[in-house]
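What follows is a single structure, written as C-alpha cells, with notes after it.
Note that the coordinates shown come from a computational prediction; the quantities given were computed from them, not determined experimentally. Within every chain, numbering begins at 1; the chains are lettered A, B, ... in the order of the sequence lines, protein sequences first and strands thereafter.
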There are 2 protein chains.
Amino acid sequence: MSKTTNITIKDVAQSAGCGVATASRVLNNSGPASADVRERVERAARELGFSFSAIGRALQSRRSMTVGCLVPSLANPVFAEAVQGVQAVLLGSGYQMLISCSNYDAAADDAAIEMLLAKKTDALVTTMVDPDRSPALRLAKKRGIPISLMFHDPLDGFITSYVDNFEAAKEVARQFAGLGHRRTGFLALRFSTSDRSRNRYAGFHSECRTRGLPDPVLIEIGEAEANQPDLLAAILAQHPALTAIFASNDFLAIAVQKAARLLGWRVPQDLSVVGFDGIEIGRLLEKPLATIETSPEAMGRQAASSLLTMLQGGDTVQLPALPFAFRAGATLALPNPENGDDGRGATRPSPDLPAEPHAQQG
Amino acid sequence: MSKTTNITIKDVAQSAGCGVATASRVLNNSGPASADVRERVERAARELGFSFSAIGRALQSRRSMTVGCLVPSLANPVFAEAVQGVQAVLLGSGYQMLISCSNYDAAADDAAIEMLLAKKTDALVTTMVDPDRSPALRLAKKRGIPISLMFHDPLDGFITSYVDNFEAAKEVARQFAGLGHRRTGFLALRFSTSDRSRNRYAGFHSECRTRGLPDPVLIEIGEAEANQPDLLAAILAQHPALTAIFASNDFLAIAVQKAARLLGWRVPQDLSVVGFDGIEIGRLLEKPLATIETSPEAMGRQAASSLLTMLQGGDTVQLPALPFAFRAGATLALPNPENGDDGRGATRPSPDLPAEPHAQQG
DNA sequence: TTGTAAGCGTTATCAT
DNA sequence: ATGATAACGCTTACAA
C-alpha cells in the first residue's frame, strides 16, 4: 500500500529529458516530434505507468468529457434500462457518466443538477419531477449546455426522448371499450410526481369520454400499498364495480393481480388488467401481461445520441415520439356479465376467450 | 442561449473589491474576514450566480469528491439496486458517482477502471468479471485508493460486500434433498463470467454430494435461450429426468417455468424450480417463486459505507457476509413419483402439498 | 523540432 | 484581516 505518488506529465518529461510541451505533443500526437524524443517519451510514460489526469485536462480545455445523468431511481428497471442505454451510446465516445438519483423529490432534483453543474459536466440527460420549474436546469440551459430529457413529453425549449403517453393510454381505453368494459379504473403510484402517470391518465380519461364510457376511477396509492398486496387489496375492495384496471406500470399491474387474487377475484374473468412499459418478465408469466410495450433502453440511446450530436456542435431538433405497441396478454378479456355492481365473486367461471375486439359501445 | 461566460471566484473578488483569497475564505468559511467584506463577497457571489468549479477544486485539493462505480450491467435489476444503494449512502456525503458498465466483458472492465482512475475518482466500488486479474484494479490498489467490491466472495487484499453464494446454494440442495428430489439441475447464464454463478453451482454440487444425491446437471445457456422460451424449452427437453432445477437467478427461474409450460410440464408437480436473488416480483406471482432472498441494495449500502469510512481515514476490515434467507414458494414441492426417466408428462396431478422437509436420504 | 511560459479555477502559504 | 502568489496537471501560443 505504498501510496504511489501520482505521475504527471512533468515526471515523464523529466525522465525523457525533454520539456513538458514535447511530452504532451508526443503523448497526444498533437504536434511534431523527432523519432528520437518520441521514442524516449513513450518509453518513459510506459515505464512510469503514466496516465493523463482528466482533471488537469478538464481545467485547461474547459471540457470534462463527462455527461451528467439524473433519474428518479435506479430501483425502477425502466430508468435503469434507460441509463443503460445512455451508457451504451456514451461508451465509445470517450464520455463518462456522472449519475444521480432524486428519489422522486423535486428539491433533490434541483440540488443534483446543481452538483452536476458544479462538476462541469459537458451535457445533461435527465428525468425529473418537474423539469419545467427547476432553477438549476434553467441555469444549465442558459449556460448553453446540451440537455436531453428522457420520458418527458416535449417541453418548451428542451429536447426530449419519449413515448406519447397520452396516445398510448388512449389505446388502452380503446382495448377496454372494444371488449365491452365500461367501469374502468386507473391505478397510479406517485401520481403527483410523475408527468408520465398524469399524461397516461389524461389520455385514458379522454378516450373513455370519446367512447362514451363513464370517467375512469383514479386510484392513487402510495409505496406501502404498492409493496403490500393486502393493503392494495383493501383499496381494490372499495371499487367492486370495476371490470378493468389500467395500471400505470407493469409492476403495479402484477401487484394488482395479486391483490385481486387475495379478494378472490379472478383475472381476467372478474377483472381485466393492463400495464404499461412492457417489462420482459411480463411476457414470461403464466398469464402473460397485457401491456403497452415501450423501450426505455431505446429512449436512453436516443437521448445520448442527441447529446453527442450537440456536443459535436451539430444542431439537434426534437425527434418524434418513440414507438409503442399494445401487447396482448391473458390478463385482458371480456367483462364478466355476472359482475354487476355487487355481483362480484360469482363462482361460475367464464370461458377463457382470446381477447377479441368488439364494436364500440357508443 | 447566450453562452454565459463562467463566473469564477476571480469575478466575485473583483466585483466585491477584494482579493481572491479573501473571497475564497468567505465563501468557504475557512478563515477570518471582516463583517464588511464578508457581506460584499456574499452579495457579489449571489448576484453573479457564482458556484465553485469542482474541477478547479479537485486540481488543487487532489480530491475529486467522486466515487467510481463499475457494474456488469444496469439492465440486471440486481446490479441496478446495488448501485441505488451506493448512491443512497453517497448522497449526503458530498460524493458523486461516476458510473460505468462492462456488459460482462473483462476487457471492458479493465478499460473502465482505467478511465475511472484517469478521472481521479477518490474511491472505487465495483463488480467485475475477474477482479483478481485486472491490471487496472491492481494499479488502483497500489495507489492506495479505497476499493470496495460488491457481490464477490472475499478476495486477497480487497474488501467486499457479498452474500455467501456457496452456503446459500447448499441450502437449496438441502431443500431439494429434504423433499426427496434426486435428479437435479443447475441452470446458469454467463457461467464463465460470473463467479457468483460458479460459487452457487459449487455449493449446490457440494451439498448434493454430501446428501448422497447424484451430481447436479449443469445447464449453461446463452442470452438467446434466456430470452426465448422456446429455445430454453428445447434445452430443457434434453433433461427429462430432472425433477428439480436451481436457477442461478430469479429471472431465469421464471423463464424456465415458461419453458416447462411449453413442454407441458407442470411446476411444481413435474418440475420444482428455485431461483436466486429474491426480486420483488417473485413474491407477487400467482405461483410465488421459491428463491434465495438477498438484498442487493444492502450490499451497495454496505460497500459505500466502507468506502466512506476509508475515505475519512478510518480503517475498514472485511465484514461478514450479508444475510440471505430461503424463501418458500409454490414452485417447490415433492417430486412426482410418476416422473421416471421417461415417465414425464403424466396427466395425473399430484397433490399440491406445502413444501415440508423430509429426512435426508443418505 | 523543441522548450518556456501563460492560463484554466481553486486553495494554502506567507507576507503585510 | 487581507492580498499576492505559488502550486495542482495540462495544453497551447510563442520563441528559439
Side-chain angles (χ1 to χ4, degrees), chain A residues 3-42 44-45 48-66 94 115 117-122 143, chain B residues 3-42 44-45 48-66 94 115 117-122 143:
Chain A
K3 291 216 176 200
T4 312
T5 178
N6 267 337
I7 318 280
T8 78
I9 200 170
K10 225 171 183 167
D11 301 316
V12 174
Q14 188 158 30
S15 163
C18 70
V20 288
T22 306
S24 173
R25 265 177 244 128
V26 170
L27 264 12
N28 289 302
N29 255 320
S30 61
S34 66
D36 177 40
V37 72
R38 188 173 292 274
E39 169 67 26
R40 270 152 44 214
V41 167
E42 261 152 9
L48 268 48
F50 169 81
S51 78
F52 283 107
S53 160
I55 303 274
R57 277 186 158 167
L59 186 57
Q60 118 73 30
S61 68
R62 242 85 44 102
R63 318 215 292 107
S64 65
M65 296 305 283
T66 289
M115 289 284 279
L117 250 32
K119 285 261 162 79
K120 305 292 175 200
T121 54
D122 296 333
R143 290 219 187 132
Chain B
K3 291 217 178 203
T4 313
T5 176
N6 267 338
I7 317 280
T8 79
I9 200 169
K10 224 170 184 167
D11 301 317
V12 174
Q14 188 158 31
S15 162
C18 69
V20 288
T22 306
S24 174
R25 263 177 248 128
V26 170
L27 264 11
N28 288 300
N29 254 320
S30 61
S34 66
D36 177 40
V37 72
R38 188 173 291 276
E39 169 66 28
R40 270 152 43 214
V41 167
E42 261 152 9
L48 268 49
F50 168 79
S51 79
F52 282 107
S53 160
I55 303 275
R57 276 185 157 166
L59 184 57
Q60 119 76 27
S61 69
R62 243 127 346 156
R63 319 214 290 106
S64 65
M65 296 306 283
T66 290
M115 290 284 280
L117 286 179
K119 285 261 162 80
K120 303 291 175 202
T121 54
D122 297 333
R143 291 218 186 134

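Residues of residues 26-37 of chain B that place a heavy atom closer than 4.0 Å to DNA chain C, in numerical order, are B/N28.
Among the protein residues, B/G19 comes within range of the sugar-phosphate backbone only, with heavy atoms under 4.0 Å from sugar or phosphate atoms but none that close to a base. Using a 4.0 Å heavy-atom criterion, one finds that A/T8 contacts the sugar-phosphate atoms exclusively. Contact annotation for A/I55: no contact, since no heavy-atom pair falls under 4.0 Å across all strands.
For the pair B/L59 CG and D/dA6 P, the interatomic distance rounds to 16 Å; values are reported in whole Å. Atom-to-atom, CZ of A/R62 to P of D/dT12 comes out at 11 Å; the value is rounded to the nearest Å. In this structure, B/K10 atom NZ and D/dA4 atom P are separated by 12 Å, rounded to whole Å. The separation between A/L48 atom CG and D/dG9 atom P is 14 Å, rounded to whole Å. If you measure from atom CG of A/D11 to atom C1' of D/dC10, you get 13 Å, rounded to the nearest angstrom. Whole-Å rounding puts the B/L117 CG to D/dG9 C1' distance at 16 Å. Whole-Å rounding puts the A/I9 CD1 to D/dC8 C1' distance at 14 Å. If you measure from atom CZ of B/R57 to atom C1' of D/dG9, you get 19 Å, rounded to the nearest angstrom.
Rounded to 10°, the angle separating the first-five-pair axis and the last-five-pair axis of the helix from C/dT1-D/dA16 to C/dT16-D/dA1 equals 50°.
On the nucleic acid side, DNA chain C has its first and last nucleotide under 4.0 Å of a heavy atom of chain A at C/dT1 to C/dG9, going 5' to 3'.
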Counting only pairs under 3.5 Å, give me each side-chain donor-acceptor contact of residues 54-63 of chain A, with atom names and distances, residues two or more places apart or in other chains.
unit_1	atom_1	unit_2	atom_2	d
A/R57	NH2	A/N28	OD1	2.6
A/S61	OG	A/R57	O	2.8
A/S61	OG	A/R63	N	3.2
A/S61	OG	A/R63	O	3.3
A/R63	NH1	A/Y95	OH	3.3

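Of all heavy-atom pairs between B/L48 and B/I7, the closest is O-CG1, 3.5 Å. Annotation for A/S15 and A/A44: closest pair OG-CB, 3.5 Å, computed over non-hydrogen atoms. For the residue pair B/A23 and B/A13, the shortest heavy atom distance occurs at CB-CB, 4.1 Å. The two residues A/L27 and A/F50 make their nearest non-hydrogen contact at CD2-CE2, 3.9 Å.
Under the side-chain hydrogen bond (donor to acceptor under 3.5 Å, both in side chains) criterion, A/S64 pairs with A/D122, not counting sequence neighbours. The side-chain contact (heavy atoms from CB on, under 4.5 Å) test applied to A/D36 returns A/S34, A/R40, not counting sequence neighbours. Remark: A/T121 engages no residue in a side-chain hydrogen bond (donor to acceptor under 3.5 Å, both in side chains) (not counting sequence neighbours). Partners of B/T22 by side-chain hydrogen bond (donor to acceptor under 3.5 Å, both in side chains), not counting sequence neighbours: none found. A/A118 is linked by a side-chain contact (heavy atoms from CB on, under 4.5 Å) to nothing, counting only residues two or more places apart in sequence or in another chain. Every residue two or more places apart in sequence or in another chain that forms a side-chain contact (heavy atoms from CB on, under 4.5 Å) with A/E42 is listed here: A/V26, A/R38, A/R46.
Taking the nucleotide of DNA chain D with the nearest heavy atom to each of A/S24 and B/C18, the more 5' of the two is matched to B/C18.
Put simply, CZ on B/R143 and NZ on B/K120 are 5.0 Å apart, with the number rounded to the nearest 0.5 Å.
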Distances under 3.5 Å between protein N/O atoms and the N/O atoms of nucleotides 13-16 of chain D, please, pair by pair.
none

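Residue pairs meeting the salt bridge (charged side-chain N to carboxylate O under 4.0 Å, His left out) criterion with at least one member in residues 13-29 of chain A, sequence neighbours excluded, do not occur.
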(message) Show, in sequence, the C-alpha distance, side-chain angles and deciding distance for A/S53 and A/N6, and conclude whether the side-chain contact (heavy atoms from CB on, under 4.5 Å) test is met.
(response) CA-CA 9 Å; A/S53 160; A/N6 267 337; over 6 Å; no

